[in-house]
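Single-structure report; data block below.
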Amino acid sequence: MNLNYGQILPGDFADDSRVWIYQCNRLFTLGEVLEVEILLEEFVNDWNSHGTPVRGFASVFFGQFIVLMADETASGVSGCSTDNSVRLIKEIEKRFSVSLFDRQLLAFVIKDKIQLIPLSQLNYAFDNGFMDQDTLYINNTVLNKAELKDNWIIPVKSSWLKKRLAVKP
């Protein structure tokens with residue numbers, strides 16, 4: 001699995017551009033990705049904050065993650081414009097019968113595939129060798145472009161999961 005996604009990110013956006021990541025509970029089909037990409041492009045083209053255009057970017061990564069980014073160097077993102085993005089994500093959920101807000105599902109790269117593991121099963125997966133401290137974790141808590149570039153896909157031992165799983169240094 002090719003995890004090089006840096007070239008997809010907009011190079012001219014500031015490193016502190018805000019990022020929101022929505023993880024799908026399943027892979028989108030190719031046809032669904034194409035439809036979602038159209039919805040995202042339409043949204044970004046019309047994204048405004050108090051009447052001022054928001055410089056935005058949105059795309060589906062790895063067929064399963066919607067990444068939304070706003071470069072706030074020209075204009076900030078208000079609560080209303082954030083609400084509009086959430087409405088879009090809820091519309092995508094409804095249209096494709098998926099879940100994009102389930103924070104209890106964690107994503108890992110296992111055997112060269114993205115695997116979702118419920119938080120409640122995390123210790124079981126770790127204790128039974130399905131994953132270890134070097135397993136790549138997809139850290140959807142990143143907040144800006146710099147973190148997305150450097151800390152989105154990281155080993156478990158470098159994540160907040162280290163303490164939860166009692167990973168030894």
Side-chain angles (χ1 to χ4, degrees), residues 1-45 47 54-72 85 88-89 91-93 95-119 121-122 124-126 128-162 164-165 167 169:
M1 172 175 209
N2 183 355
L3 298 175
N4 295 324
Y5 58 91
Q7 70 277 7
I8 300 169
L9 301 176
D12 58 343
F13 276 42
D15 279 346
D16 64 350
S17 296
R18 286 178 59 187
V19 169
W20 297 266
I21 299 174
Y22 299 94
Q23 173 183 291
C24 191
N25 63 321
R26 65 167 174 82
L27 276 170
F28 287 109
T29 66
L30 180 57
E32 289 172 335
V33 168
L34 295 173
E35 285 184 60
V36 170
E37 288 281 355
I38 290 169
L39 292 171
L40 295 173
E41 182 178 348
E42 289 171 354
F43 174 78
V44 167
N45 289 338
W47 200 5
V54 172
R55 189 164 183 237
F57 164 84
S59 190
V60 178
F61 285 59
F62 307 121
Q64 197 159 3
F65 302 89
I66 295 174
V67 175
L68 185 59
M69 185 182 305
D71 185 344
E72 296 182 296
S85 69
L88 169 69
I89 298 302
E91 177 187 325
I92 291 169
E93 277 189 320
R95 183 182 288 194
F96 299 101
S97 299
V98 296
S99 174
L100 293 163
F101 290 97
D102 186 352
R103 302 294 185 220
Q104 297 299 304
L105 276 180
L106 304 178
F108 300 89
V109 179
I110 300 173
K111 295 184 180 176
D112 214 29
K113 286 180 144 180
I114 293 172
Q115 302 288 330
L116 300 179
I117 298 176
L119 184 60
Q121 296 296 310
L122 192 59
Y124 178 86
F126 193 78
N128 288 284
F130 295 110
M131 54 186 286
D132 61 30
Q133 66 181 1
D134 294 315
T135 299
L136 294 178
Y137 166 60
I138 300 178
N139 176 22
N140 294 321
T141 65
V142 298
L143 299 174
N144 59 48
K145 180 184 171 190
E147 289 180 5
L148 179 64
K149 287 190 306 189
D150 300 332
N151 295 311
W152 187 36
I153 302 176
I154 56 176
V156 167
K157 66 185 174 193
S158 301
S159 76
W160 65 272
L161 296 170
K162 175 173 71 173
R164 183 175 178 94
L165 296 170
V167 172

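Note on residues 99-111: no pairs pass salt bridge (charged side-chain N to carboxylate O under 4.0 Å, His left out), not counting sequence neighbours.
Within a 6.0 Å radius of CZ in Phe101, other residues, nucleotides and ligands contribute more than 12 heavy atoms.
Residue Val44 comes nearest to Gly56 through the heavy atom pair CG1-O, 3.0 Å, listed as atom of the first residue, atom of the second, then distance. Annotation for Ile110 and Met131: closest pair CD1-CB, 4.4 Å, computed over non-hydrogen atoms. Looking at every heavy atom in both residues, Arg164 comes nearest to Leu119 through NE-CD1, 3.6 Å.
Asn144 has its side chain out of reach of Asp15: every pair of non-hydrogen atoms, C-beta onward, lies at least 4.5 Å apart. Side-chain contact between Asn139 and Ile21 is absent, with no heavy-atom pair separated by less than 4.5 Å. With a 4.5 Å cut-off on side-chain heavy atoms, Tyr137 and Ile117 do not count as touching. With contacts defined as side-chain heavy-atom distances shorter than 4.5 Å, the pair Phe108/Leu122 qualifies. Using a 4.5 Å heavy-atom cutoff, the side chains of Leu161 and Leu106 are in contact. Considering only heavy atoms from C-beta on, Leu68 comes within 4.5 Å of Trp47 through its side chain.
Ser85 OG to Leu40 CG: the interatomic distance, rounded to the nearest 0.5 Å, is 10.5 Å. Ser159 contributes atom OG, which lies 12.0 Å from atom CD1 of Ile138 (distance to the nearest 0.5 angstrom). Summarising the geometry, atom CG belonging to Asp150 is positioned 9.0 Å from atom CD belonging to Glu147; distances are rounded to the nearest 0.5 Å. Interatomic distance, Met69 CE to Arg55 CZ, rounded to the nearest 0.5 Å: 10.5 Å.
Between Phe62 and Trp152, the ring planes lie parallel to each other; the angle is under 30°, not in the 30° to 60° tilted range.
Proximity of a side-chain donor or acceptor of Asn128 to a complementary backbone N or O of Phe130 within less than 3.5 Å is not detected. Proximity of a side-chain donor or acceptor of Tyr5 to a complementary backbone N or O of Leu148 within less than 3.5 Å is detected.
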Steps toward side-chain contact (heavy atoms from CB on, under 4.5 Å) verdict (Leu39, Arg95): CA-CA 11 Å; Leu39 292 171; Arg95 183 182 288 194; 3.8 Å; yes
Stepwise side-chain contact (heavy atoms from CB on, under 4.5 Å) test for Phe57 and Ile8: CA-CA 10 Å; Phe57 164 84; Ile8 300 169; 4.2 Å; yes
Criterion side-chain contact (heavy atoms from CB on, under 4.5 Å) on Phe61 and Leu9, from CA distance to verdict: CA-CA 10 Å; Phe61 285 59; Leu9 301 176; 3.9 Å; yes
Trace of the side-chain contact (heavy atoms from CB on, under 4.5 Å) decision for Ile114 with Met1: CA-CA 9 Å; Ile114 293 172; Met1 172 175 209; 3.5 Å; yes
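Between Asp71 and Lys145 there is no salt bridge, since no side-chain nitrogen of the basic residue lies less than 4.0 Å from a carboxylate oxygen of the acidic one.
Partner of Lys157 under the side-chain hydrogen bond (donor to acceptor under 3.5 Å, both in side chains) criterion, chosen from Asp132, Asp134, Thr135: Asp134.
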Would you give me the side-chain donor-acceptor pairs under 3.5 Å for residues 23-38, sequence neighbours excluded?
residue	atom	partner	partner atom	Å
Gln23	OE1	Asn140	ND2	2.7
Gln23	NE2	Leu105	O	2.9
Asn25	OD1	Ser99	N	2.8
Arg26	NH1	Glu32	OE1	2.9
Arg26	NH2	Glu32	OE1	3.4
Arg26	NH2	Glu32	OE2	3.0
Arg26	NH2	Phe96	O	2.9
Thr29	OG1	Glu32	N	3.1
Thr29	OG1	Glu32	OE1	3.4
Glu32	OE1	Thr29	N	2.8
Glu37	OE2	Ser59	OG	3.0
Glu37	OE2	Val60	N	2.8

